[in-house]
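So you know, we letter chains A, B, ... as the sequences are listed, proteins then strands, and number each from 1.
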Protein chains: 2
Amino acid sequence: MDRHQTEKDDEASGQGRPTLKTLAFMTGLGVTTVSRALKDAPEIGAETRRRVQLVAKQIGYRPNRAGVRLRTGKTNVISLVLNTEHEIMSFVSDIIYGVSEVIADTPYHLIVTPYSRSQDPLDPIRYLVETGSADGVIISRTQPNDPRARYLLERGIPFATHGRTDMGLIHPYHDFDNYAFATEAVRHLAGIGRRRLALLAPPVELTYHRHALNGFTDALSEVGASEIPFNTVSIDHSIEQIRMRTAQVMRRDVRPDGFVSSAAAATLAIVAGIEDAGLKLGRDVDVVSKQSSDLLHLFRRELLVVNENFRLAGAELARSVLGWIGGAAPGSLQSLSVPTEVLAYRRLD
Amino acid sequence: MDRHQTEKDDEASGQGRPTLKTLAFMTGLGVTTVSRALKDAPEIGAETRRRVQLVAKQIGYRPNRAGVRLRTGKTNVISLVLNTEHEIMSFVSDIIYGVSEVIADTPYHLIVTPYSRSQDPLDPIRYLVETGSADGVIISRTQPNDPRARYLLERGIPFATHGRTDMGLIHPYHDFDNYAFATEAVRHLAGIGRRRLALLAPPVELTYHRHALNGFTDALSEVGASEIPFNTVSIDHSIEQIRMRTAQVMRRDVRPDGFVSSAAAATLAIVAGIEDAGLKLGRDVDVVSKQSSDLLHLFRRELLVVNENFRLAGAELARSVLGWIGGAAPGSLQSLSVPTEVLAYRRLD
DNA sequence: CCTATATACTGAAACGTTACAGATTGTCAC
DNA sequence: GTGACAATCTGTAACGTTTCAGTATATAGG
């Protein structure tokens, strides 16, 4: 008698992308059994389990994301929420690569969810939550009282923040220790004889503004140096604005002989401003700056730098979110990155 | 008599995320009708159509992506495929922002699919196609004979390349006119009296290596200048390698008095190498460089720059992919970005 | 008045997955 | 020999959507 199969089985043997039905047909088992066998359920015989997994590997079975997502609600997506205007500099790519590195051998995909200056930063988060588009979220530009973190915490969506909040709520974060950066920077400047220091801080609304500022002022009083106010600009301002303000302040009678800069791009502007005022870096004034890639020493060898590793930050953030999704306690997924010491240029000769 | 509803209708009125069933219940129509009404199908009465759409807007209905994807195979996803090692510089973020800008008011999401140096560049593409993870793909680091483009073309997956191919196959692309860049650069250098020029080219395997090289050599013979070979390094090499090689070549008897550099980061290295050799930019040698953000003039004001807009590139690439998905002819979705003229620093005073 | 046809709407099935509630064995205690 | 129970497997339904093949009503043609 000819082999008679039901029409359904016929289709399962077809040459499209393999599904559970395909596997069920090939192994002679039911789809349920196959599904359970693939996830090592205990009620499946050891022999069967291995057989199914072998066949699955052989034919390159990959679960259909839409099927899983529809049935379970699990998206296998991590969303990185970015501000389109501010996060201009290269570090965005580094964060992305850091995240990618970590999720590379997981089933997760990375989706980038941007928002523009005009929008409420909460908008993209609301969208993600309401449409259930992601299992986990990474946010940056963290504020002390961050509505996004509060919102996500309320809905129970796993997330991690780049930077800390200060609301008495516990959630995963990764942060660079900007307090330590600022203190180290001031100490170093004091150590080479600088007494009148200015700080180019992060914008006031972000948490690490306070961190940098506190580190700066604490260290000032520790070393007995004085502050030249420089708070009409922040690292969010344009290159031109920072440059102009720097030139202005450098033309005053009582001018800074040292700068602490919280961002590499801003440092270029500070140096330009210094030189606009006819002064010379390393002679009239020194600048300690954070940098995320090793370029500032090429720019002016007199610059003093501290490295911040954004790729590491991305990796840590991804690990935190995955950890939380995996059931770890949010409080155990916090990390702080210690700055390198202040690095001066080494002459090649 | 009390209102009696079926159990199904009861559920549909529930407070979860609204679905077609919810809308069907609220309007008293069938799910099919609602589905069709939302997409302006002709066989739905105008009155009904408006009513459904009104209610849908009121309660904030958004189609479930997993449902659509499972049923239709449409993912509403564009994938940007990036190399984790090379695409270090900031321009990655610009491309991402450009893409985001364009897909912002479409149902599309952007997923970033990275691959590392060790992998076959075809791997991530194969993954995307085999798992049906994206409706469209954007690839960069395009080669004259690009297996990825060929593969995608064979499978009929819409894509766009950043950079052109040279295989006689038609597909959407966006490219910066590197031939024009190189010729302009050479002409400018010749115009200020430079006669012995060196080119820091893109890596040989990429299509725009040839573009830059052809522009360079064509313009050389046009202006009657000569080439100093500098092809042991490319812009893919490390800062240190480029710097060393530059210093070496600048210490020779017959050394370049002009450089054309195809990337901003590499230009920093070239300048450092020049200065390592004890020579001075603007006096002993001039450098024309591409840049994607306005920073090189801050670095050394003597630098001559040409701007390349990566945000625009991202936007164009996204538009191309969406256009192809939307049924436009691939051949009509190609664009070339014309370089600005060579810009010298303007003194502020 | 009956049939054809257009208009407006509808239920069932399917996409691939997992959870639930069985079903079929075989083993063992008594 | 019977009942209990564990071990192993299976069918059905559901997630939300769209497509297919209708059904019901009204309009027009003869």
### Any residue meeting ring pair (Phe, Tyr, Trp, His ring centres under 6.0 Å) with A/Y108, in chain and number order, not counting sequence neighbours
none
### Message
If the test is side chain to side chain contact (heavy atoms under 4.5 Å, CB included), which one of B/D175, B/D146, B/I139 qualifies with B/T161?
### Response
B/I139
### Query
Touch check for A/T19, heavy atoms < 4.0 angstrom, all strands: base, sugar-phosphate only, or nothing?
sugar-phosphate
### Query
Taking side chain as C-beta onward, heavy atoms only, is A/V77 less than 4.5 Å from A/S133?
no
### Summary
Rounded to 10°, the angle between the first-five-pair and last-five-pair axes of the helix from C/dC1-D/dG30 to C/dC30-D/dG1 is 60°
#### Entry: Nearest-Å distance for atom pair CG/C1', residues A/L20 and C/dC15
13 Å
### Task
For DNA chain D, find the residues of residues 58-76 of chain A with a heavy-atom distance under 4.0 Å and give them by number; none if there aren't any.
A/L70, A/R71
### Rounded distance (nearest 0.5 Å) linking atom NE2 of B/H109 with atom CZ of B/R65
4.0 Å
### Whole-Å distance separating the CZ atom of A/R17 from the C1' atom of C/dT17
12 Å
### Message
Without decimals, in angstroms, what is the distance between B/L29 CG and C/dT7 P?
### Response
19 Å
### Task
With sequence neighbours excluded, tell me which residues meet side-chain hydrogen bond (donor to acceptor under 3.5 Å, both in side chains) with A/T142.
none
### Query
Taking atom CZ of B/R164 as the centre, does the number of heavy atoms from other residues, nucleotides or ligands within less than 6.0 Å exceed 12?
yes
### Parallel, tilted or perpendicular: rings of B/H162 and B/H174 (30°, 60°)
parallel
### Query
With B/Y151, which residues qualify under ring pair (Phe, Tyr, Trp, His ring centres under 6.0 Å), at least two apart?
none
### Message
Any residue in residues 33-53 of chain A with a heavy atom nearer than 4.0 angstrom to DNA chain D? Just list them by number, or reply none.
### Response
A/T33, A/E43, A/I44, A/G45, A/T48
### Query
Pick from A/I138, A/V137, A/L128: which one makes a side chain to side chain contact (heavy atoms under 4.5 Å, CB included) with A/T113?
A/L128
### Task
Nearest 0.5 Å please: distance from the CH2 atom of A/W324 over to the OG atom of A/S332.
10.5 Å
